[in-house]
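Notes for the one structure printed next.
Note that ligands are numbered from 1 as they come in the structure, with each ligand's atoms numbered from 1 the same way. The residues of the chain are indexed from 1 along the displayed sequence.
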Amino acid sequence: MTVQSTKLEYLPSDLKKELLPKHVAVIMDGNGRWAIGRGLPRIMGHKQGVNILKDLLRCCQDWGIKALTVYAFSTENWGRPKEEVEFLMTLFGGVLRQELGEMLQENVKISFVGNLQALPNALQSEISRSMEETKHNRGIYFNVATNYGGREEILQACRAIAKKVDQGIIQPSEIDQAIFEHHLYTAPNCDPDLIIRTSGEMRLSNFLLWQLAYSEIYFTETLWPDFDRSEFKKALSAYQQRERRFGKV
Ligand code: FPP
């Protein structure tokens, strides 16, 4: 199964280029329900989810969006059935192997954020290779949150800063937002302007808790494997209607 007839190759004329988000984050939810609804095993939803993700990445490039961050696997997802976890780990590695050449060609800089040391060794190798080989690319920043948890990210930043304080490298009075952000997994990315969650769930599920402080939130009932370019266009239209005040009047 692939993504059918994506006709919206260029930025649709009713979207304003100057009002596009620079950075979009996505909680790709609903893969399991999409598959079950078709009488298929849940893993087929993840497979179709990859096709949709590939097209969204291309779409971001086509339309001039600079960064895309997706939630591929949370620290809580280890609690899924063993076979599903194994399938996902194998899928991530397989997609990386298969897509690395194209990502290089299309100037994609891929980064993985999360506690990567806990991932299977084979996947860690694929991750290191893909990050190393694409590190000079600047076409689009593609961040994949894998074994990621927002609270854990904040805690590990605190630990790293506390260690530096202990060693006399940083004074407690010097700790500000810039220093804190520098110790997050996502440094040096800018914060997402827009966060999208599919499948009708309306929560952040421990995703980018620090970084989403001022992001616009878009929830849609559409399941992730159905989130094609026309759905993305709807999310961007909604974003362009918002007035971002950042706490000011
Ligand atoms: C949530 O749907 C989806 C996931 C936990 C996995 C998402 C992963 C992909 C789309 C693959 C990404 C691949 C790469 C290489 C980045 P769900 O299973 O929770 O769906 P449900 O809520 O309907 O059960």
Legend entry - 4.5 Å side-chain heavy-atom contact, D29 and Y71: no

Inset, instruction - Decide, yes or no, whether a salt bridge links K82 with E86 under the criterion of side-chain N to carboxylate O below 4.0 Å. - result: yes

Inset, instruction - Measure centre to centre between the rings of Y10 and W63, then say whether the value is under 6.0 Å. - result: no

Polar pairs, ligand 1 vs protein, N/O only, below 3.5 Å.
{"residue": "ligand 1", "atom": "2 (O)", "partner": "G30", "partner atom": "N", "Å": "3.4"}
{"residue": "ligand 1", "atom": "2 (O)", "partner": "N31", "partner atom": "N", "Å": "3.4"}
{"residue": "ligand 1", "atom": "18 (O)", "partner": "R42", "partner atom": "NH2", "Å": "2.9"}
{"residue": "ligand 1", "atom": "18 (O)", "partner": "R80", "partner atom": "NH1", "Å": "2.8"}
{"residue": "ligand 1", "atom": "19 (O)", "partner": "D29", "partner atom": "OD1", "Å": "3.3"}
{"residue": "ligand 1", "atom": "19 (O)", "partner": "R80", "partner atom": "NH2", "Å": "2.7"}
{"residue": "ligand 1", "atom": "20 (O)", "partner": "G30", "partner atom": "N", "Å": "3.3"}
{"residue": "ligand 1", "atom": "20 (O)", "partner": "N31", "partner atom": "N", "Å": "3.1"}
{"residue": "ligand 1", "atom": "20 (O)", "partner": "G32", "partner atom": "N", "Å": "3.0"}
{"residue": "ligand 1", "atom": "22 (O)", "partner": "D29", "partner atom": "OD1", "Å": "3.1"}
{"residue": "ligand 1", "atom": "22 (O)", "partner": "R33", "partner atom": "NE", "Å": "3.4"}
{"residue": "ligand 1", "atom": "22 (O)", "partner": "R33", "partner atom": "NH2", "Å": "2.9"}
{"residue": "ligand 1", "atom": "23 (O)", "partner": "G32", "partner atom": "N", "Å": "3.3"}
{"residue": "ligand 1", "atom": "23 (O)", "partner": "R33", "partner atom": "N", "Å": "2.7"}
{"residue": "ligand 1", "atom": "23 (O)", "partner": "R33", "partner atom": "NE", "Å": "2.8"}
{"residue": "ligand 1", "atom": "24 (O)", "partner": "R42", "partner atom": "NH1", "Å": "2.9"}
{"residue": "ligand 1", "atom": "24 (O)", "partner": "R42", "partner atom": "NH2", "Å": "3.2"}

Legend entry - Which residues share a ring-ring contact (aromatic ring centres under 6.0 Å, His included) with F112, sequence neighbours left out: none

Legend entry - side-chain hydrogen bond (donor to acceptor under 3.5 Å, both in side chains): pairs with one or both residues in residues 161-178, sequence neighbours excluded: K164-H183

Inset, instruction - Please list, chain by chain and in numerical order, all residues satisfying ring-ring contact (aromatic ring centres under 6.0 Å, His included) with Y218, sequence neighbours excluded. - result: none

